[in-house]
Amino acid sequence: MKKLLGIIVLGLLFCNIGYSEIRNDEYSCMYDDKSGTEPMSITKDKIVWKDFDYPFSAPIKKETKKIIYAVIDEGKDYEVNLTFYKKTKKLKLVYSSGTPYNFDCTQLDWVL
């Protein structure tokens with residue numbers, strides 16, 4: 001009986017560890033001027049911007065308790081820097097030209 005209980009506990013532990021490494025947070029991000037929204041998701045290792053005109057996937061370079069920082073086309077003339085603020089759910093996109101775009105994001109709920 002103790003062995004069976006041990007197997008169940010270990011199984012649950014491993015299931016929880018495997019799930020914690022998966023992240024696919026979906027957001028709807030509204031432009032600062034309220035002119036429209038764009039879909040975005042944050043996975044374990046990238047930010048995926050799902051704009052139909054210019055979709056891209058930016059690898060996460062740094063993550064802290066407060067921010068997630070990602071860069072697309074790093075070092076190129078058309079580099080894009082993304083900073084997602086976890087607490088306020090704000091996103092700032094800064095193009096290499098220096099033009100910033102700010103978004104107010106709402107996390108979308110999903111059910112397993």
Side-chain angles (χ1 to χ4, degrees):
M1 188 67 165
K2 287 182 183 180
K3 287 182 181 181
L4 180 60
L5 182 60
I7 291 170
I8 291 172
V9 169
L10 285 175
L12 291 172
L13 179 64
F14 286 126
C15 287
N16 192 24
I17 289 172
Y19 178 74
S20 68
E21 292 181 7
I22 299 172
R23 173 173 63 185
N24 189 16
D25 298 333
E26 298 281 335
Y27 294 90
S28 177
C29 299
M30 182 174 289
Y31 286 92
D32 235 8
D33 64 2
K34 311 285 189 239
S35 64
T37 61
E38 300 288 349
M40 177 195 67
S41 65
I42 299 175
T43 66
K44 179 182 172 192
D45 57 351
K46 61 188 169 187
I47 295 177
V48 181
W49 190 253
K50 300 177 180 180
D51 179 12
F52 296 109
D53 295 330
Y54 185 63
F56 61 80
S57 175
I60 293 173
K61 297 292 184 181
K62 178 181 176 183
E63 183 169 356
T64 66
K65 290 181 180 181
K66 294 182 180 184
I67 67 160
I68 299 173
Y69 175 72
V71 180
I72 186 164
D73 295 327
E74 187 172 18
K76 297 183 180 177
D77 291 341
Y78 43 87
E79 178 178 294
V80 181
N81 296 290
L82 297 92
T83 305
F84 181 76
Y85 299 90
K86 293 178 178 181
K87 185 175 181 180
T88 60
K89 300 210 179 355
K90 303 256 185 213
L91 176 72
K92 180 171 70 172
L93 268 74
V94 180
Y95 289 89
S96 56
S97 63
T99 307
Y101 292 92
N102 297 307
F103 297 87
D104 187 15
C105 301
T106 303
Q107 189 167 4
L108 304 175
D109 293 329
W110 58 280
V111 178
L112 288 177

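In this chain, residues are counted from 1 in sequence order.
- Contact check on D104 versus K90 returns a salt bridge, with a Lys/Arg side-chain nitrogen under 4.0 Å from an Asp/Glu carboxylate oxygen.
- Expressed to the nearest 0.5 Å, how far NZ of K46 lies from CD1 of I42 amounts to 13.0 Å.
- Y95 and Y101 have perpendicular rings, their planes meeting at more than 60° on a 0 to 90° scale where under 30° would count as parallel.
- Remark: S41 OG to Q107 CD distance equals 11.0 Å, nearest 0.5 Å.
- By the 6.0 Å contact criterion, CG on D33 is enclosed, its count of non-hydrogen atoms from other residues, nucleotides or ligands being greater than 12.
- Inter-residue side-chain proximity for K89 and F84 is flagged as met; some heavy-atom pair is nearer than 4.5 Å.
- In this structure, F103 and K92 have side chains that are not in contact, with every pair of non-hydrogen atoms separated by 4.5 Å or more.
- Using a 4.5 Å cut-off between side-chain heavy atoms of Ile, Leu, Val, Met, Phe, Trp and Tyr, with links allowed through other members, V94 and Y31 fall into different hydrophobic clusters.
- Atom CD1 of I60 and atom OG1 of T43 lie 6.0 Å apart (nearest 0.5 Å).
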Self-check item: side chain to side chain contact (heavy atoms under 4.5 Å, CB included) assessment of L91 paired with M40
Solution: CA-CA 10 Å; L91 176 72; M40 177 195 67; 3.7 Å; yes

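- Side-chain heavy atoms closer than 4.5 Å link hydrophobic residues (I, L, V, M, F, W, Y) into clusters, and following such links, possibly through other members, connects Y69 to Y85.
- A salt bridge links K50 with E26: the distance from a Lys NZ or Arg NE/NH1/NH2 to an Asp or Glu carboxylate oxygen falls below 4.0 Å.
- One distance of note links OG1 of T83 with NZ of K66; it measures 14.0 Å at 0.5 Å rounding.
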Self-check item: Working for side chain to side chain contact (heavy atoms under 4.5 Å, CB included), residues K61 and E74
Solution: CA-CA 10 Å; K61 297 292 184 181; E74 187 172 18; 3.0 Å; yes

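- Separation of atoms CD1 (I68) and NZ (K62) is listed at 12.5 Å; rounding is to 0.5 Å.
- Here the side chains of S57 and I47 are not in contact, with every heavy-atom distance at 4.5 Å or above.
- Remark: aromatic rings of Y27 and W49 are distant, center separation not under 6.0 Å.
- Under the side-chain contact (heavy atoms from CB on, under 4.5 Å) criterion, K65 pairs with no residue, sequence neighbours left out.
- Here the side chains of V71 and E79 are in contact, with some heavy-atom distance below 4.5 Å.
- Annotation: K86, atom NZ; neighbour count of heavy atoms from other residues, nucleotides and ligands within 6.0 Å is above 12.
- We find the CE-SG distance between M30 and C105 to be 10.5 Å, quoted to the nearest 0.5 Å.
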